[in-house]
Amino acid sequence: MSSILVTMVAGRAGTYRITSQRVVRGEGLLAHGAEPTHLTVESGHLTVLPSDAAWQLRGATGAQRYTERHELDKLTAVQPGLLRPEATHGAMIAIRKTGAWWALAQDERRAIFEARSRHIADSMRFLPAIARRLYHARELGEGFDFLTWFEFAPEHQALFDELLGQLRASEEWTYVDRELELGLSR
Ligand code: HEM
């Protein structure tokens, strides 16, 4: 699987309108100049930013770390692709996990992520309403470890909020120390 590299650029114009912005935990993002109203996902890692850019975050898709074969097969069967015409609402949620999380061994992290928090098993019922993509950012030296991307139809906003409530109440989320949520529409 080849990696998809992106740069998320926030500014005064762009593909997605930022409909809400919430610092859930930890520090927010300092904007250069005026508060951004729009977000664009550019392919690749930009070296020259648009002059109106308030901030940028880079991410890259990567291999699965925790998903087991039986889970991957189930996900592949039901998960929708990005950019469905009806999925005009969405969210970008940037997340950082604590040093304690990263100090754990792989099997300990999998146990928290799935055996105890049921991240995959309990999120499955939100498919195919919610389309998603996970970008890794930690290895790129960003202030967040992950940039998570979601797309859904406007009538599924409440369902998405329910999903967020479920995950944020999980043991996995006790290891999240920075979280920024942007609501989006196009
Ligand atoms: C739509 C339902 C969802 C499904 C089916 C789902 C599924 C998954 C799967 C399969 C992975 C593991 C990828 C791997 O093996 O490396 C994962 C990781 C992750 N998901 Fe979700 N997810 C959902 C919703 C969410 C939401 C709403 C958030 C954020 C609020 C989120 C945040 C994350 C993060 C941060 C990771 C990386 C965890 C880590 O590597 O430590 N997910 N998700």
Side-chain angles (χ1 to χ4, degrees), residues 1-63 65 81-103 119 130-154 156-158 160-161 163-165 167-170 172-186:
M1 188 186 78
S2 62
S3 186
I4 300 168
L5 310 182
V6 294
T7 307
M8 297 194 183
V9 183
R12 302 293 289 178
T15 321
Y16 296 90
R17 202 161 52 82
I18 300 175
T19 55
S20 64
Q21 185 169 170
R22 192 175 152 221
V23 179
V24 185
R25 276 173 220 209
E27 326 90 84
L29 272 176
L30 204 57
H32 296 287
E35 269 306 306
T37 52
H38 290 77
L39 185 75
T40 301
V41 182
E42 304 278 3
S43 319
H45 289 166
L46 303 187
T47 45
V48 180
L49 286 180
S51 58
D52 70 341
W55 51 255
Q56 61 147 341
L57 286 172
R58 295 164 307 151
T61 60
R65 289 176 174 163
L82 296 184
L83 291 173
R84 291 167 296 169
E86 69 277 18
T88 55
H89 279 43
M92 194 289 287
I93 302 179
I95 289 174
R96 183 179 72 198
K97 285 186 168 172
T98 59
W101 170 265
W102 293 107
H119 186 123
I130 318 275
R132 50 176 271 276
R133 180 174 280 165
L134 174 66
Y135 298 99
H136 295 259
R138 180 180 173 84
E139 294 78 0
L140 300 167
E142 297 290 8
F144 293 95
D145 297 336
F146 308 97
L147 308 179
T148 62
W149 182 262
F150 305 94
E151 296 178 359
F152 47 86
H156 290 134
Q157 181 69 54
F160 183 67
D161 292 340
L163 167 66
L164 291 182
L167 283 166
R168 287 177 182 151
S170 69
E172 182 193 356
W173 247 253
T174 65
Y175 293 91
V176 172
D177 69 356
R178 190 179 185 197
E179 182 172 3
L180 172 73
E181 177 186 332
L182 299 187
L184 305 169
S185 77
R186 64 172 162 92

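Taking all atoms of both residues into account, the shortest heavy-atom contact from A60 to L140 is N-CD1, 4.2 Å. Taking both residues in full, the closest heavy atoms of L147 and A137 are given as CG-CB, 4.2 Å, listed atom of the first, atom of the second, then distance. Residue A131 comes nearest to L82 through the heavy atom pair CB-CD2, 4.0 Å, listed as atom of the first residue, atom of the second, then distance. V23 and G28 make their closest contact through CG2-CA, 3.7 Å (heavy atoms, listed as atom of the first residue, atom of the second, distance). In this structure, W102 and D145 approach most closely via the heavy-atom pair NE1-OD2, 2.8 Å.
R133 CZ to I4 CD1: the interatomic distance, rounded to the nearest 0.5 Å, is 3.5 Å. Between the CD atom of Q21 and the CG atom of L39 there is a distance of 10.0 Å, given to the nearest 0.5 Å. Atom CG of L57 sits about 8.0 Å away from atom CG of L180, to the nearest 0.5 Å. For the atom pair CZ of R17 and OG1 of T88, the computed distance is 10.5 Å after rounding to the nearest 0.5 Å. Taken to the nearest 0.5 Å, the NE2 atom of H136 stands 12.5 Å off from the CG atom of L5. For the atom pair CH2 of W149 and CD1 of I93, the computed distance is 11.0 Å after rounding to the nearest 0.5 Å.
H38 has its ring centre no less than 6.0 Å from the ring centre of Y16.
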Take F146 and R138 through the side-chain contact (heavy atoms from CB on, under 4.5 Å) test and state the conclusion after the steps. CA-CA 7 Å; F146 308 97; R138 180 180 173 84; over 6 Å; no
side-chain contact (heavy atoms from CB on, under 4.5 Å) evaluation trace for R96 with W101: CA-CA 10 Å; R96 183 179 72 198; W101 170 265; over 6 Å; no
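Among residues at least two apart or in separate chains, side-chain hydrogen bond (donor to acceptor under 3.5 Å, both in side chains) pairs with a member in residues 44-58 are R58-E142.
Between the R84 side chain and the E151 main chain, a donor and an acceptor come within less than 3.5 Å of each other. Looking only at distances, no side-chain donor or acceptor of T19 sits under 3.5 Å from a matching main-chain atom of S185. In this structure, the side chain of T7 does not engage the main chain of E42 through any donor-acceptor pair within 3.5 Å. Under a 3.5 Å cut-off, the side chain of S3 and the backbone N or O of T61 do form a donor-acceptor pair. Side chain of E179 to main chain of R25: no donor-acceptor pair is present (N/O by atom type, distance under 3.5 Å, no hydrogens or angles). One N or O on the side chain of S20 and one on the backbone of G183 form a donor-acceptor pair closer than 3.5 Å. Remark: side-chain polar atoms of R186 are paired, donor with acceptor, to backbone N or O of A87 under 3.5 angstrom. A distance-only check finds a donor-acceptor pair linking the side chain of R12 to the backbone of E35 [under 3.5 Å].
Put simply, the side chain of H89 does not reach to within 4.5 Å of the side chain of F160, judged on heavy atoms. Contact of the T148 side chain with the R132 side chain is not registered, since no non-hydrogen atoms from C-beta on lie closer than 4.5 Å. Y175 is listed as a side-chain neighbour of T98, based on a closest heavy-atom distance under 4.5 Å. Here the side chains of M92 and V41 are not in contact, with every heavy-atom distance at 4.5 Å or above.
The salt bridge (Lys or Arg N to Asp or Glu O under 4.0 Å) check on R178 picks up E27, with sequence neighbours excluded.
Checked for salt-bridge contact, K97 and E172 meet the test: a charged N lies under 4.0 Å from a carboxylate O.
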